[in-house]
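Here the structure comes first, spelled out in C-alpha cells, and everything after it is commentary.
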Amino acid sequence: LSIFNSSCRPAADGQGSSREKAFALVANEAGGSLSVIDLDTLRVSSTVPLQSHPSRVLANSRRGEVYALSVQAASVMIVNVSAGRAEKTIHLGGRPASAALSPDGDMLYVANAALNNVALIDLSQGKVSAQVRTGNQPEFVAVSPDGRLLLVSNRNGGTVTLIGLSEEPGGSHTGSLIGEIKVGSQ
C-alpha cells in the first residue's frame, strides 16, 4: 500500500487550476496487478495489469513513478500508472522484501532477503548501481532525512545494518558498510 500524488492539469479550455490529486496503490499479488484507489471518490479508479505478481508497492511522486516489488520474478517493475503499464523491469535475483526512496527520489534501495544484500538502484539510469552486503535476511529499509545513511533491519539475527551512502564524482551512487547494531529478536 502506498500513496501517490499527481498533478492535475487545467481543463482544455483553460478553466480551473492545477492541483495535486492523491491515489492509494495496492499490490494485488495473487491477481498480478495494482489497484489504483482515487482518494477523492474512495473507489478503485483503475487496475494496472502486471506480468508478474507484486508483493509490495512504493510510489515516487517526484518522478511520477511507482515501483512494484515481485518476489515471484525477483524484480522491481517501474510502473507508469497513467499509461496503465510497467515500463521497465529491473531483475535483482533473490527475494525483494521492501524498498525505500532517497529524499530526492532519485535512488531506490531494495532489501533482498534471499541474497542478504541491498540493491542501490539509480532511477535516472534505470539500473542497479551497487549491491551492499547486509545481515541475515534483510527485511525493511529506511533512509536518513539527509540521505547519507541507510538502515536495514535483518529478520534473522536481530540486527540493524548501517550503510553509508554517497555519490561518486562521475555520478554513480555507492554504499559502504558502516557496521551493525544488535537490537534483539524481531
Side-chain angles (χ1 to χ4, degrees), residues 1-2 4 25-34 48-81 83 85-144 147-157 159-168 170-178 180 186:
L1 180 66
S2 189
F4 182 74
L25 300 154
V26 180
N28 302 315
E29 189 168 13
S33 64
L34 295 179
V48 179
L50 298 172
Q51 290 182 340
S52 61
H53 302 272
S55 56
R56 302 261 193 278
V57 63
L58 180 64
N60 186 343
S61 297
R62 288 181 185 244
R63 296 183 63 88
E65 297 174 336
V66 174
Y67 313 107
L69 307 182
S70 173
V71 172
Q72 175 199 25
S75 64
V76 175
M77 294 167 279
I78 300 175
V79 179
N80 180 326
V81 174
R85 68 175 179 272
E87 296 193 332
K88 182 172 181 113
T89 299
I90 301 169
H91 297 282
L92 302 174
R95 184 176 69 84
S98 68
L101 288 164
S102 62
D104 64 6
D106 290 338
M107 293 293 295
L108 180 68
Y109 307 105
V110 181
N112 194 333
L115 299 179
N116 295 329
N117 70 23
V118 172
L120 284 60
I121 300 174
D122 183 330
L123 295 170
S124 62
Q125 300 287 321
K127 65 180 185 177
V128 175
S129 63
Q131 293 180 333
V132 180
R133 191 97 177 126
T134 64
N136 193 6
Q137 200 174 7
E139 194 71 21
F140 297 104
V141 292
V143 183
S144 65
R148 294 177 20 190
L149 183 65
L150 182 68
L151 294 93
V152 184
S153 66
N154 303 299
R155 185 174 180 87
N156 294 339
T159 61
V160 172
T161 300
L162 305 172
I163 298 171
L165 301 171
S166 61
E167 185 174 351
E168 299 299 315
S172 66
H173 292 71
T174 62
S176 58
L177 181 64
I178 294 173
E180 285 191 342
Q186 294 185 4

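- Here the closest heavy-atom approach between residue Leu25 and residue Phe4 is recorded as CD1-CB, 3.5 Å.
- Of the possible donor and acceptor atoms, one in the side chain of Asn60 sits under 3.5 Å from a partner among the backbone N and O of Gly105.
- In this structure, CG on Leu177 lies 6.5 Å from CD1 on Ile163, to the nearest 0.5 angstrom.
- A salt bridge links Asp106 and Arg63; the closest N-O separation between the charged side-chain nitrogens and carboxylate oxygens is under 4.0 Å.
- You'll find the side chain of Leu123 reaches within 4.5 Å of the side chain of Ile121, heavy atoms only.
- Counting heavy atoms from C-beta outward, Met107 and Asp122 have side chains that approach closer than 4.5 Å.
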_side chain to side chain contact (heavy atoms under 4.5 Å, CB included) assessment of Tyr67 paired with Val110_ = CA-CA 10 Å; Tyr67 313 107; Val110 181; over 6 Å; no
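- With contacts defined as side-chain heavy-atom distances shorter than 4.5 Å, the pair Leu120/Leu165 qualifies.
- Taking both residues in full, the closest heavy atoms of Thr161 and Glu180 are given as OG1-OE2, 3.0 Å, listed atom of the first, atom of the second, then distance.
- With sequence neighbours excluded, the residues that form a side-chain contact (heavy atoms from CB on, under 4.5 Å) with Ser144 are Asp146, Leu149.
- Within the 4.5 Å cutoff, the side chain of Leu162 has heavy atoms near those of the Leu151 side chain.
- The shortest heavy-atom contact between Leu50 and Ala86 is CD2-CB, 3.9 Å.
- Between the side chain of Thr134 and the main chain of Asn116, a donor-acceptor pair closer than 3.5 Å is present.
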*Is there a side chain to side chain contact (heavy atoms under 4.5 Å, CB included) between Asn28 and Val26 once you walk through the steps?*
CA-CA 6 Å; Asn28 302 315; Val26 180; 3.9 Å; yes
*Between Val143 and Leu101, does a side chain to side chain contact (heavy atoms under 4.5 Å, CB included) hold up when you go through it step by step?*
CA-CA 7 Å; Val143 183; Leu101 288 164; over 6 Å; no
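- For the atom pair CG (Leu69) and CD (Glu29), the distance works out to 10.5 Å, reported to the nearest 0.5 Å.
- Distance check, rounded to the nearest 0.5 Å: CD of Glu87 to CD of Glu65 gives 7.5 Å.
- The two residues Ala99 and Leu108 make their nearest non-hydrogen contact at CB-CD1, 3.8 Å.
- Residues Asn136 and Asn154 are not in side-chain contact: their nearest non-hydrogen atoms beyond the backbone lie 4.5 Å or more apart.
- Between Ser70 and Gln51 there is no side-chain heavy-atom pair separated by less than 4.5 Å.
- Here the CD-OG distance, from Glu167 to Ser129, works out to 9.5 Å after rounding to the nearest 0.5 Å.
- No donor-acceptor pair under 3.5 Å is formed between the side chain of Arg56 and the backbone N or O of Leu1.
- Residue Pro138 comes nearest to Ala97 through the heavy atom pair O-CB, 3.8 Å, listed as atom of the first residue, atom of the second, then distance.
- Put simply, the side chain of Asn112 gets close to the backbone of Arg95: a donor and an acceptor are under 3.5 Å apart.
- Of the possible donor and acceptor atoms, one in the side chain of Ser2 sits under 3.5 Å from a partner among the backbone N and O of Ala59.
- Shortest non-hydrogen contact noted between Ser33 and Pro54 is O-CG, 3.4 Å.
- Considering only residues two or more places apart in sequence or on other chains, Ser98 meets the side-chain contact (heavy atoms from CB on, under 4.5 Å) condition with Ala111, Phe140, Val141.
- In this model, a donor atom of one side chain and an acceptor atom of the other lie less than 3.5 Å apart for Thr174 and Glu168.
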